[in-house]
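Small disclaimer: the values here were computed from a predicted structure and weren't measured. Lettering of chains follows the sequences in order, A, B, ..., and the numbering in each one begins at 1.
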Amino acid sequence: MATEISKGYQPGDVETQWYSRWEEAGCFRGNENSDKEAYSIVIPPPNVTGILHLGHVLNNTIQDVLARRARMEGKEVLWLPGTDHAGIATQAKVEQKLRKEEKKTRRDLGRDAFLEKVWEWKEEHGGIIIEQLKRMGCSCDWSRERFTMDEDYSRWISKIFVDLFKEGLIYRGKRMVNWCPKSLTALSDEEVIMKPQKSKLYYMRYKVAGEESADGPRWLEIATTRPETLMGDTAVAVNPKDERYADLIGKSVIRPFPRAEIPIVADEHIDLEFGTGVLKVTPAHDKADFEIGVKNNLEIIDVFNPDGTVNEHGGPEFEGLDRFEARTKAAEKLEEMGQLVKVEDYENNVGFSERADVPIEPRISMQWFLKYPCVEEAAAAVENDEIHFRPERWKKTYAHWMNGIQDWCISRQLWWGHQIPVWYRKDKADALQALESLDAEGAGDDLYVGIEPPADEENWVRDDDVLDTWFSSWLWPFATMTNCDEDPSATEKKFFPTTDLVTAPEILFFWVARMIMAGYRWRGELPFKNVYFTGIVRDGKGRKMSKSLGNSPDPLNIIAEYGADALRFSVMRTAPLGADIRFEIANEGGKEIYPQVVEGRNFANKLWNAVRYRQMQEGEGVFDTDALSIYSLDILAKLDRLEKDMAAAYEDYRFNELAQLLYDFFWGQYCAWYLESSKGDFAEDADPASKASTLATMDLVIKRVLLALHPFMPHITEELWENLGYREEGGPEFLMQTPLPTTAVLAGVDEKRVAAAQAQVKDVYEAVSRARNLKAEYGLSSNKSVKMIIDPEGSDFSETDVFQQLVGAGEIVLEAGHKAEKGVPAALTAIGKIFLPLEGFIDVDAERERLGKELAKAESELKKVNSKLSNENFVSRAPDSVVNEMKERKKHWQERGEELTKMVDNLGG
RNA sequence: GCGCGAUUAGCUCAGGGGUAGAGCACCUGCUUCACACGCAGGGAGUCGCUGGUUCAAAUCCAGCAUCGCGCACCA
């Protein structure tokens with residue numbers, strides 16, 4: 001059966017070979033015709049030109065663990081993969097390349113030629129991240145891979161646009177939007193990130209019109225952070241309750257440049273405390289100002305070009321200047337005019353473009369907007385846990401956002417994306433596009449909105465804009481399964497709604513919330529039942545991983561060095577539910593090492609060698625519950641416990657606990673104790689029946705551990721499964737297809753017998769620890785062969801062979817009532833008194849000191865317990881179990897104290 | 001400003017009303033025939049601070065501090 005296993009585990013070839021075999025055998029395919037219970041996940045599609053980072057590793061390992069576990073639980077699993085076209089990010093990359101290599105802009109090429117370039121780039125780089133996911137071991141159904149700009153998928157986008165337009169939920173309007181002067185497009189509110197900035201607060205003064213007196217003009221002082229927008233000011237505003245300025249409302253001030261008279265208006269949103277209590281109103285460049293402008297019928301003067309430079313409204317002095325240069329210049333000019341009063345340092349929040357990382361410019365522009373559909377249903381689904389969020393605290397954030405939901409600006413002034421399916425009749429196009437608002441009701445015959453282009457396309461002009469990338473992502477859970485012109489496909493019928501969604505909380509609004517609304521709108525139900533929000537992967541210092549900080553190791557390098565299994569296991573072991581994970585990076589001699597991954601690799605190696613040890617034992621196991629040793633009973637009981645604990649942890653998606661449970665059981669229990677305690681069964685003179693029983697126990701434990709561990713470390717477990725020949729005749733070809741056992745190993749074995757065995761084993765192991773400790777205290781190396789004498793003191797201790805094996809003693813003598821020489825080291829244990837007679841080592845003083853320390857500990861413990869038990873309130877109010885435990889503890893320390901006192905006395909004075 | 005997290009050993013983190021835990025790092029010893037990616041032993045913590053509830057608080061409650069994250073039209 002088995003092939004020989006090498007000494008150290010080498011993950012490289014093992015991992016890639018198994019992945020190919022699984023894939024070729026179709027193990028990842030979700031069968032829509034299966035009778036089995038369905039389990040499905042759609043992958044959060046990574047950017048098509050993206051590169052795998054540790055966030056992906058965390059996210060996709062969780063999905064793979066869930067998918068693999070579900071398969072082994074006998075479910076029909078579909079993990080549907082794909083990529084996202086990522087409009088801004090991808091277009092920016094290609095534009096950058098174009099600029100660098102050909103010194104051209106996208107406009108030099110024109111729309112069609114540019115898009116060709118992007119598709120080329122996509123073909124070249126689009127597969128990278130997919131290959132990287134495969135290297136991680138992800139069991140996605142690659143036959144169903146989707147891309148958000150696939151033809152079928154794009155059709156969906158047009159269809160829903162048409163639906164929503166006809167329903168009146170999509171409209172076009174001139175509105176204040178977030179404008180990115182670098183990407184030259186509008187953004188949604190979610191794509192703006194507020195960052196605190198150190199800036200200046202400029203105090204300037206405007207002349208009040210017609211209030212000239214003998215003392216000179218009357219001045220109105222105004223504070224602003226943006227003097228560069230002054231040319232667009234069409235009013236100043238004060239709070240109507242502000243007594244300082246009450247007489248000025250309705251009058252005007254003189255805007256210094258370009259010189260003009262602008263009104264003083266009242267608005268209750270003005271904060272009396274801020275600055276001077278006077279606000280300069282620039283309706284074209286501030287959302288709040290815009291509203292004041294609308295209310296007061298103010299003129300809207302846009303002073304910037306799309307790229308953030310000042311336009312002709314700034315006058316010749318300012319025209320062409322960048323907005324930040326203009327700020328300095330405006331301040332200087334005010335200074336010259338004697339109208340700059342003072343400048344203060346000031347920290348405020350400035351909105352930045354998420355992708356381009358430059359301050360966004362609030363700007364009036366013509367855009368397409370969406371009023372979200374099915375908001376109430378989507379909010380309720382999460383509120384009442386039909387869709388279960390984990391951790392639950394995200395419910396609140398979600399509810400808050402859904403509550404204050406704003407229309408979504410869905411048009412982008414980009415070329416890479418889904419072009420808006422709206423056509424304007426050629427001769428009317430300019431007029432239509434100039435309309436301040438446009439919706440289904442007002443559309444008329446000169447506007448065409450449809451999935452297919454109009455029949456006489458040459459007579460129409462298509463809207464230039466494309467749709468926000470997230471406007472395609474929100475259909476992902478079902479648009480990947482069914483074409484929009486068809487009834488739900490067999491795949492959808494089987495696998496939708498999906499079971500789990502695993503994603504980062506950063507995209508709760510971008511993606512999760514919108515998918516829920518889309519699910520209700522187009523499928524009439526929720527798109528997934530559970531959402532697991534992962535944490536963020538940070539470096540050892542708690543900083544977010546980022547390219548610019550250079551603290552983001554390449555997972556592929558880590559995999560090459562330590563193996564995918566090691567990386568997966570270590571990430572899972574340090575990823576508690578919903579908390580950020582710190583990925584440590586240490587430096588050793590100029591080389592980066594990753595302590596957590598080292599642990600994972602060590603664990604893989606431990607597993608490898610423990611299995612190799614089993615294989616080195618000749619012979620077949622014979623499993624007979626009646627023949628099990630107490631040690632076998634103990635480890636099998638712990639195995640049953642492990643499986644129970646794991647089932648519970650899976651219920652709560654506690655992956656770190658799952659990994660830790662496996663680690664502790666296998667290394668801490670099975671390797672550290674069971675394997676050592678059973679070594680005697682492989683001695684030449686051992687009883688063949690014991691050996692066969694132990695081998696059977698080892699096989700059972702290894703089998704079940706490989707099954708349980710497989711979702712976390714799929715490659716090594718599959719390799720070992722094959723090496724050990726655990727595949728059953730006629731059974732599944734792979735471990736990954738093997739169902740998990742549904743019965744406990746010790747089912748049907750007398751519980752009392754198991755409990756007694758476990759108690760006995762516990763006593764032996766504890767005694768072993770004390771004996772080892774005794775040896776170490778006296779400077780004897782752990783492999784030093786020594787003689788020990790055990791006085792069982794009435795206990796029925798008979799496990800001398802195992803004791804000897806575990807302690808590394810050469811000889812164990814059982815002698816009731818043994819009288820030791822003075823100064824012979826001794827320890828008290830549940831199995832009796834252990835003596836370590838050492839020729840030439842007897843040292844009465846040293847032993848007295850050692851025993852003295854133990855005695856002191858026993859006395860202090862006894863004191864603690866006594867003070868508890870003498871507290872009447874405790875005895876009367878604490879539960880009996882606690883009181884009884886306390887009494888037992890008292891007895892234990894009392895006896896121990898007495899014994900120790902006797903031992904000290906025996907040493908003499 | 002409002003809301004949500006976090007704060008436990010040098011580091012990364014579990015735990016969670018009734019004797020403070022793991023791994024790494026550290027110290028000592030060990031080339032023991034599965035594994036030095038290992039084995040044995042050891043030291044190490046007023047569980048952020050202050051109050052409260054309780055027989056009992058690291059754990060529950062309140063306040064505070066520090067860090068982080070959302071949300072918010074103080075220019």
Side-chain angles (χ1 to χ4, degrees), chain A residues 5 7-9 176 194 201 222-226 229 237 269-275 278-282 286-292 346 348-349 362 391 393-394 396-397 400-401 404 505-506 508-509 536 538 540 542 544 562 566 573-576 578-584 586 595-596 598-617 654 656-657 660 663-664 667-668 671-672 675-676 679 769 772-777 779-785 806-808 861 864-865 868 871-879 881-883 885-886 889 893:
Chain A
I5 306 182
K7 187 170 168 179
Y9 174 53
M176 178 68 70
M194 300 306 280
L201 189 58
I222 306 164
T224 181
T225 53
R226 302 205 60 189
T229 61
H269 292 293
I270 309 298
D271 182 351
L272 280 74
E273 306 296 317
F274 188 90
V278 186
L279 171 74
K280 74 187 221 13
V281 181
T282 325
D286 185 283
K287 217 174 167 187
D289 290 11
F290 177 71
E291 279 159 29
I292 296 173
Y346 183 66
N348 62 342
N349 282 321
R393 61 189 144 89
W394 293 109
K396 229 175 167 170
T397 310
H400 186 252
W401 188 75
E506 296 158 308
L508 171 55
F509 309 139
I536 295 166
R538 300 176 178 278
K544 232 176 176 172
Y562 301 92
R573 199 153 82 102
T574 47
D580 290 355
I581 82 164
R582 283 190 190 224
F583 190 87
E584 284 182 88
Q596 287 143 325
V598 168
E599 283 174 40
R601 180 205 54 186
N602 293 355
F603 182 58
N605 193 59
K606 187 74 182 174
L607 177 71
W608 184 262
N609 279 291
V611 171
R612 189 163 75 102
Y613 172 74
R614 157 65 186 99
Q615 206 184 22
M616 289 164 75
Q617 315 305 329
R654 292 153 73 122
N656 63 322
E657 199 177 311
Q660 190 62 37
Y663 186 95
D664 287 345
W667 198 323
C671 292
L675 284 190
E676 296 301 324
K679 276 185 175 164
S769 287
R772 285 170 174 171
N773 172 283
L774 212 53
K775 274 174 82 177
E777 286 264 337
L780 302 168
S781 68
S782 56
N783 63 341
K784 173 96 178 169
S785 183
L806 289 171
V807 173
E861 290 293 331
K864 267 199 260 176
V865 175
K868 271 260 178 188
N871 182 339
E872 269 178 48
N873 281 323
F874 171 72
V875 178
S876 60
R877 298 204 194 183
S881 61
V882 174
V883 176
E885 196 195 312
M886 206 59 75
R889 213 182 292 166
W893 288 114

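- Which of B/A75, B/G41, B/C71 sits closest to the side chain of A/Phe509 comes down to B/C71.
- The shortest distance between the side-chain N/O atoms of A/Arg582 and the OP1/OP2 oxygens of B/C13 is below 4.0 Å.
- Across B/U19, B/G23, B/A75, the shortest atom-to-atom separation from the side chain of A/Arg889 is found for B/U19.
- Following rounding to the nearest Å, A/Lys868 (NZ) and B/G18 (P) show an atom-to-atom distance of 10 Å.
- Distances were taken from every side-chain heavy atom of A/Val882 (C-beta onward) to each of B/G70, B/A22, B/G18; the shortest belongs to B/G18.
- Here the side chains of A/Trp893 and A/Lys864 are not in contact, with every heavy-atom distance at 4.5 Å or above.
- Look at CD on A/Gln596: it is 8 Å from P on B/C13, rounded to the nearest Å.
- A/Lys606 forms no cation-pi arrangement with A/Tyr663, by the criterion of a distance under 6.0 Å to the ring centre and an angle within 45° of the ring axis.
- Only the C1' atoms considered, B/G43 is 11 Å distant from B/A9, to the nearest whole Å.
- A/Asn609 contributes a side-chain N or O that, together with a main-chain N or O of A/Asn605, makes up a donor-acceptor pair within less than 3.5 Å.
- A/Trp667 comes within contact range of the sugar-phosphate backbone alone, with a heavy-atom separation under 4.0 Å but no base atom that close.
- Residues A/Glu599 and A/Asn873 both approach RNA chain B. Their nearest nucleotides, taken by heavy-atom distance, put A/Glu599 toward the 5′ side.
- Here A/Asn602 contributes atom CG and A/Tyr562 contributes atom OH; the two are 9.5 Å apart, rounded to the nearest 0.5 Å.
- On the C1' atoms, B/A57 is 15 Å away from B/G15, given to the nearest whole Å.
- A heavy-atom distance below 4.5 Å is found between the side chains of A/Phe274 and A/Leu201.
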Taking Watson-Crick and G-U wobble pairs with both distances under 3.5 Å, convert RNA chain B into its dot-bracket string, 5' to 3', dots for unpaired and | for cross-strand pairs.
(((((((..((((....[..)))).(((((.......))))).....(((((..]....))))))))))))....
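- Note on A/Lys287 versus A/Glu291: no salt bridge recorded, every NZ/NE/NH1/NH2 to OD/OE distance being 4.0 Å or above.
- A/Leu508 comes within contact range of no nucleotide atom at all, as no heavy-atom separation falls under 4.0 Å.
- Here B/G1 presents its P atom at 16 Å from CG of A/Asn348, a figure rounded to the nearest Å.
- Contact annotation: the side chain of A/Ile292 approaches that of A/Leu279 to within less than 4.5 Å [non-hydrogen atoms, C-beta and beyond].
- To the nearest whole angstrom, the two C1' atoms, one in B/A14 and one in B/A6, are 15 Å apart.
- Within the structure, every side-chain polar atom (N or O) of A/Trp394 is placed at least 4.0 Å from both OP1 and OP2 of B/G3.
- One interatomic measurement links the two molecules: CZ of A/Arg612 to C1' of B/A34, which rounds to 5 Å at whole-angstrom precision.
- If you check every strand for non-hydrogen atoms under 4.0 Å, A/Asn349 touches a base.
- Between the CD atom of A/Glu676 and the C1' atom of B/C30 there is a distance of 14 Å, given to the nearest Å.
- You'll find a donor-acceptor pair under 3.5 Å spanning the side chain of A/Lys606 and the base of B/C35, going by distance alone.
- In the set B/A75, B/A34, B/C71, B/A34 carries the atom at the smallest distance from any side-chain atom of A/Lys679.
- Here, B/C4 and B/A40 have their C1' atoms 47 Å apart, quoted to the whole Å.
- A/Pro362 comes within contact range of no nucleotide atom at all, as no heavy-atom separation falls under 4.0 Å.
- Remark: C1' of B/A14 and CD of A/Gln660 are 7 Å apart, rounded to the nearest angstrom.
- For the C1' atoms, the distance from B/G17 to B/U53 is 12 Å, rounded to whole Å.
- At the phosphate of B/C4, OP1 or OP2 sits under 4.0 Å from a side-chain N or O atom of A/Lys396.
- Between A/Met616 and A/Asn773, the residue anchored closer to the 5' end of RNA chain B is A/Met616, taking for each the nucleotide with the nearest heavy atom.
- Base contact: A/Ala288 has a heavy atom under 4.0 Å from a base atom.
- For A/Ala610, the listed nucleotide lying nearest its side chain is B/A34; candidates were B/A34, B/A75, B/A40.
- In summary, the side chains of A/Gln660 and A/Asp664 do present a donor paired with an acceptor at a separation below 3.5 Å, with no hydrogens or angles considered.
- Across B/C37 and B/U32, the matching P atoms stand 14 Å from one another, rounded to whole Å.
- For the pair A/Asn602 and B/G38, the criterion of a side-chain N or O lying under 4.0 Å from OP1 or OP2 is met.
- One can place OH of A/Tyr346 at 9 Å from P of B/C74, the figure rounded to the nearest angstrom.
- The residue A/Lys864 sits apart from the nucleic acid: no heavy atom pair falls under 4.0 Å.
- Between the P atoms of B/C33 and B/G42, the separation comes to 23 Å (whole Å).
- In this entry the distance linking NE2 of A/His400 with C1' of B/G1 reads 12 Å, nearest Å.
- Annotation: B/G48 and B/C30 have their P atoms spaced 40 Å apart (nearest Å).
- Between A/Arg772 and B/G41, a side-chain N or O to OP1/OP2 separation shorter than 4.0 Å is present.
- Between A/Arg614 and A/Leu675, the closest side-chain pair of non-hydrogen atoms is not below 4.5 Å.
- Under the 30°/60° scheme for interplanar angles, the aromatic rings of A/Trp667 and A/Phe603 are found to lie parallel.
- Comparing B/G15, B/C35, B/G23 by their nearest atom to the side chain of A/Asn609 picks out B/C35.
- At a cut-off of 3.5 angstrom, counting only N and O atoms as typed in the model, there is a donor on one side and an acceptor on the other between the side-chain of A/Ser782 and the base of B/G29.
- Closest to the A/Tyr613 side chain, of the nucleotides B/A34, B/C4, B/A75, is B/A34.
- Note: A/Asp286 CG to A/Thr229 OG1 = 8.5 Å, rounded to the nearest 0.5 Å.
- Note on A/Asn783: every side-chain N or O is 4.0 Å or more away from OP1 and OP2 of B/C39.
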